[in-house]
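Beneath this line is the structure, given in C-alpha cells, with notes to follow.
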Amino acid sequence: MVDGLPSHSIEGRTSSMVGLTRQRSNLLQGTLDMLILRTLLYGPAHGHQIGKHIQRTTNDFLQMQHGSLYPALHRLEKRGWVVSKWETAPDRNREFKYYRLTEKGKKQLVVEESQWKQMAEAVASVMWPTAEES
C-alpha cells in the first residue's frame with residue numbers, strides 16, 4: 001500500500017493510484033497556470049475577467065471554477081509570477097483585486113509553453129502517427 005491506497009505491480013515496477021493522481025493534478029495545475037499567465041500577457045485583470053477570458057476563448061470548453069482559479073492565482077503570486085493590487089474598476093464603483101504578470105512570470109510562460117508544445121507533439125505522435133512511424 002502507498003499512502004493508504006493499494007499498489008499495483010506492473011512489470012516489476014510499483015505504481016499507485018496516488019502517483020497517477022498527483023501527475024494528473026500537476027499536469028492540470030501546470031496547464032491552468034499557463035492559461036492564466038497567457039491571459040495576463042494582454043494586461044492586468046481581476047479573477048473574474050481571467051476566468052471569463054479563458055472560457056470565452058475556448059468556446060466555453062474550459063469553465064473556470066472559483067475553487068481552481070483563485071488557488072492558482074495565489075500559487076502564481078507566491079511564486080512571484082504575478083503580483084496583485086486592489087483597485088477600483090473603471091466602469092464600477094467597486095474594488096477588485098487586479099493581477100499583473102511579472103518579468104519572472106513572462107519568463108515562466110515561455111518555459112510552460114515550450115513544455116506544453118513538447119507534450120502535445122508527443123501525444124500527437126502516438127495518436128496520429130505519420131506513415132513512416134506506423
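Considering only residues two or more places apart in sequence or on other chains, Lys107 meets the salt bridge (Lys or Arg N to Asp or Glu O under 4.0 Å) condition with none of them. Under the side chain to side chain donor-acceptor pair (under 3.5 Å) criterion, Glu77 pairs with Ser84, not counting sequence neighbours. The ring-ring contact (aromatic ring centres under 6.0 Å, His included) search around Tyr42 returns His53, not counting sequence neighbours.
Taking both residues in full, the closest heavy atoms of Ile54 and Thr58 are given as O-OG1, 2.9 Å, listed atom of the first, atom of the second, then distance. Closest approach of Asp33 to Ala72, counting heavy atoms only: OD1-CB, 4.0 Å.
No single ILVMFWY cluster, assembled from side-chain heavy atoms under 4.5 Å apart, contains both Val111 and Leu109. Val110 and Leu37 fall into different hydrophobic clusters, where Ile, Leu, Val, Met, Phe, Trp and Tyr are joined by side-chain heavy atoms under 4.5 Å apart, directly or via other members. In terms of hydrophobic clustering, with Ile, Leu, Val, Met, Phe, Trp and Tyr side chains grouped at heavy-atom distances under 4.5 Å, Leu73 and Val83 are assigned to different clusters.
You'll find the side chain of Ile50 stays beyond 4.5 Å of the side chain of Met64, heavy atoms only. No side-chain heavy atom of Leu32 sits less than 4.5 Å from a side-chain heavy atom of Leu62.
When atom types are taken as modelled, the side chain of Ser125 and the backbone of Ala122 share a donor-acceptor pair closer than 3.5 angstrom. Judged by distance alone, the side chain of Thr39 and the main-chain N or O of Leu35 form a donor-acceptor pair under 3.5 Å.
Here CG of Leu76 is found 5.0 Å from CD1 of Ile36. Values are rounded to the nearest 0.5 Å. Atom NZ of Lys104 and atom CZ of Arg79 lie 9.5 Å apart (nearest 0.5 Å).
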Table please: side-chain donor-acceptor pairs of residues 88-101 below 3.5 Å, with sequence neighbours left out.
{"unit_1": "Arg100", "atom_1": "NH1", "unit_2": "Glu87", "atom_2": "OE2", "d": "3.0"}
{"unit_1": "Arg100", "atom_1": "NH2", "unit_2": "Glu87", "atom_2": "OE2", "d": "2.6"}

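Applying the ring pair (Phe, Tyr, Trp, His ring centres under 6.0 Å) definition to pairs two or more places apart or across chains, those involving residues 67-93 are His66-Tyr70. Residue pairs that meet the salt bridge (Lys or Arg N to Asp or Glu O under 4.0 Å) test with at least one member in residues 34-54, sequence neighbours left out, are Arg38-Glu113.
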